[in-house]
Each structure stands twice: as C-alpha cells, then as structure tokens.
Amino acid sequence: MHLTYKHTRYACFAGYITQAIVNNLAPLLFIIFQTRYHLNFEMVGRLILINFGTQILADLIAVKFADKFGYRVSAVTAHIFSAAGLVLLGILPQVCPSPYAGLVIAVVTYAIGGGLLEVLVSPIVDSLPVSEEKKASDMSLLHSFYCWGQMGVVLISTLLLTIFGTDIWMWLPIGWALLPFVNMFLFAKVPFVPPVPEEKLMTVRELCQNRLFLLMLVVMMCAGASELTMSQWSSLFAETGLGVSKTLGDLLGPCLFAALMGTGRLLYGIYGSKLNLKNCLLFCGCLCILCYLTTVFAPHPLISLIGCAVCGFSVSLMWPGAFSDTAARFPMGGTAMFGMMAVFGDLGASLGPWLSGVVSDLSQGTNLLQQLQVSTGEELSQLGMKAGLLAAVVFPLVLVVSVGYLKKKRI
C-alpha cells in the first residue's frame, strides 16, 4: 500500500487521540484511587502536576533534539512511552509496596510520550502542503481529535466500569494502550515533508528575546490552565462537589465538556478562514470566565454541570488558536517554537489543576468555609472544591487581558 500525506495526517489525528488518553484516563479513576489507596485531594492533584510537569521536561528535550533525530524516530519513541506507561498504570499499583509510587512511575512514563507527541504532531501537520489560509483551520481540526479522544475515553471507560464494576479498572489502561501501540507502526511508515534546514530557523534565544513571543507564551499558559483545570477536576467535582453519581458525573461533566470542545474546534476548522482569530479568542475567554463562575455559584447542581460542560466550548479555540497565531507570526520558529508553546501550555495545564487542589484542601480549614457550611448545609469538601475552581478564574481573565492588549495594539 502506497502511503501519502493523507495517511500522515491520519497518524497525527491518532497521535492526538493518544495524548487525550494519556491526559484524561487517570482522572476518571481518581475516586477509585482515593478509595482504594487512601489518597487526598492534594495527592491526586499532584498526579496531574507530575503528568504535565514530566510533559514539560519532555517538551524541553524535544525542543533540543527533535530536529536532530527527525520526526519519525521521535514520533515512534513517543508512542512507545505512551503505550508502556498505560500498561504500567494497570499493573504497578497492584504490585508495588507503595501503590502511589506505582501510580507515579506509570504517570511519568506515559507523560514522556504525551509530551513528545505534543511537540511533534502540530509542526508535522503545519508542514503539510496546504494553503496558508487553511493552516489555522487544519490546526483546529487536528486539535479536535484530542476532544474526540477524550470523549471516547470517558464514554467507553465509564460504560465498562458501569457494566463490570470498578474492580476491572486496571484493564482499562492496558486496553487503551493498544492505540499508541498500533499507531507506532503507522508513524514508522508514513511520509514526512523535509524539514527546513536548522540554520534557517530561529533559535530559542531569538524567540525568547521577542516580547511578542513572550506574550504569546503567557496566552498559551493561560489556555492550558483554563482547559485542564475544569477538564481534570470535572468528574471529581461532579461527584463530591455536586453529589451526583460517578456515571452521571462523568457523562455530564468531562464527556459533555469534551464533546463541546471538539464541536468548537471542528466549527473553527470548517469556518475559521472567515473569522477573526483575536475576536474569537476574546469571546472564548469571556465565556470561559462566565462558565467557571456559573459552575461555582449556580444554585442547582444541574446548572453547575451545564456551566462545566459549556466551558468545553469556551476553551475550544484557546490552545489551537494560540498555536496558529504564533506559527503565523513566526514562520521560521520551527520545532523550537512549537516546543516552547507546548512547554508553557503544559505549565498552565499542570499548575492550574494543582493550584485548584491546593486551594480546595487549604480552604476547608478556613473560618469562612466553615461558616458557609453551617449556613448552606453543604459538605465541607463540596465547598472546598468550589473554592478551588473559583481560584482558577484568574487564568481565563489573564488570557482576555493579554489578547485584548494584542488587539488594541493591532499586533
């Protein structure tokens, strides 16, 4: 069979589904981990921090070595780590003297793969031969597959846990490891566009000396934090903060979140060439703030879940939009530019959920929340989760201010 750039694009789509598995499977199991291994909010939040912290290190390594080793070797390596880490997630907590240490080892392993994929897949698609007008739309379409992957992980995993019970949880990551294992062989064969010679590309130093690029890094960090804080905590928040069942919480929380995020990216993939990217980012940022506030302050659990789900649409353009805008401004940025963007996206994706977990734990010891508990009758853990999500509003707020500055200055 003769493989073309079409198959390269398909491999990249599957690569983003792999990254969705890496980032979203473990949070679905947080309640199981808390129950079986006696983990508190900070410990499960630390798993998110470790995941994206490791991805940041992998991003930095990829910035330096991806162009030297080439896309093929780097992409295959990313899939090997992703598949191995998922298998370890199902095995190590069962056999390690410390189950939490087993979880950490598995998370670090698959996070290396996820970090490499994040740096590699976007520039591979960006390099494929299409018109400049379509590049932003193609980028948004690519990132929509992350959402479909997230949605698939939630739906299939929730269905299996509901049918067979939580005792089979360890088979879920082992089963999901099949996708990166198979896609590894596709990446070993598909064609790639020859890279731009390294001497013609901007260096990391040159990029970091550009104030506009630094501002785009801030936008990227806020995009990662805005998306992942709600995405990572939505299942646990629905169960402990809103008191709904795990199945209903997963379906109306992270699943609907992913569906609306994918819909937003798909719509921009179709109509993006007719829209102003900065205006779309401003709209998304303002809607995101509204969604966070609705999730926290809504008087009814169903309204809070709606706010959580619509937040998926509000963050849909943030990550791919920041990627596309930066790539258009710095066409000679190369893998280093995509790597730096990925680093700051992952920085936000790790700090946002972790900060939310820390605030959730700390706030439960404050007089204010204890007084609210008496007046509202809500559990202290429920109020703590809401306080943690409220703290995360700072990220979409900073994004709106930053994009508004770019728009005002017409840069």
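On a predicted model such as this, the values are computed, not experimentally measured, just so you know. Index from 1, following the sequence.
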Can you tell me if OH on Tyr37 sees more than 12 non-hydrogen neighbours from other groups inside 6.0 Å?
yes
Side chains of Pro353 and Leu49 in contact at under 4.5 Å (non-hydrogen atoms):
no
Regarding Tyr16 and Ser122, is there a side-chain donor-to-acceptor distance under 3.5 Å anywhere?
yes
Between Phe257 and Cys308, the two heavy atoms sitting closest are CD1-O, 3.3 Å
Mind checking whether Cys311 and Thr295 have side chains closer than 4.5 Å, heavy atoms only?
no
Closest approach of Met216 to Ala322 (non-hydrogen atoms, all atoms of both residues):
CE-O, 4.1 Å
Do Trp171 and Leu160 come within less than 4.5 Å of each other through their side chains, counting heavy atoms only?
no
Close side-chain approach of Leu172 to Leu29, heavy-atom, < 4.5 Å:
yes
So, Ser127 side chain and Ile124 main chain: donor-acceptor pair closer than 3.5 Å or not?
yes
Met221 meets the side-chain contact (heavy atoms from CB on, under 4.5 Å) criterion, sequence neighbours left out, with Phe344, Leu347
Is the Phe30 ring parallel, tilted or perpendicular to the Phe33 ring (thresholds 30°, 60°)?
tilted
Roughly how far, to the nearest 0.5 Å, is CD of Gln19 from CG of Asn24?
9.5 Å
Evaluation steps, side chain to side chain contact (heavy atoms under 4.5 Å, CB included), between Lys6 and Leu128
CA-CA 9 Å; Lys6 177 177 69 175; Leu128 296 179; over 6 Å; no
From the list Met341, Met261, His143, Met139, side-chain contact (heavy atoms from CB on, under 4.5 Å) with Trp319 holds only for His143
Between Phe13 and Trp148 (judged by ring centroids, cut-off 6.0 Å), do the two rings come close enough to count as a pair?
no
Taking all non-hydrogen atoms of both residues, which atom of Leu397 and which atom of Ile289 are closest, and how far apart?
CA-CD1, 3.8 Å
Side-chain heavy-atom pair Thr326, Met220 within 4.5 angstrom cut-off
no
Extract all donor-acceptor atom pairs below 3.5 Å that involve side chains of residues 174-194 and protein atoms in other chains or at least two apart in sequence.
| unit_1 | atom_1 | unit_2 | atom_2 | d |
| --- | --- | --- | --- | --- |
| Trp176 | NE1 | Ser157 | OG | 3.1 |
| Asn183 | ND2 | Ala11 | O | 3.1 |
| Asn183 | ND2 | His79 | NE2 | 2.9 |

Could you check if a side-chain atom of Lys407 sits within less than 4.5 angstrom of a side-chain atom of Asn279, using non-hydrogen atoms only?
yes
Determine the minimum heavy-atom distance between Ser314 and Cys284, stating which atoms define it.
O-CB, 2.9 Å
To the nearest 0.5 Å, tell me how far Leu275 CG sits from Leu281 CG.
11.0 Å
Only counting residues at least two apart or in another chain, list the ones meeting side-chain contact (heavy atoms from CB on, under 4.5 Å) with Leu355.
Val359, Phe395
Please answer whether the main-chain N or O of Pro320 pairs with a side-chain N or O of Tyr268 as donor and acceptor at a distance below 3.5 Å.
no
At what distance, to the nearest 0.5 angstrom, does CD1 of Ile32 lie from CE of Met170?
8.5 Å
For residues Gln55 and Asp59, is any side-chain donor paired with an opposing acceptor at under 3.5 Å?
no
The reported gap from CD1 in Ile306 to OG1 in Thr294 (rounded to nearest 0.5 angstrom) is 9.5 Å
Going by heavy atoms in the side chains, are Val398 and Val218 under 4.5 Å from each other?
yes
Atom OG1 in Thr109, atom CG in Leu89: separation rounded to 0.5 Å?
10.0 Å
Kindly indicate whether the side chain of Cys12, heavy atoms from C-beta on, has any atom under 4.5 Å from the side chain of Leu142.
yes
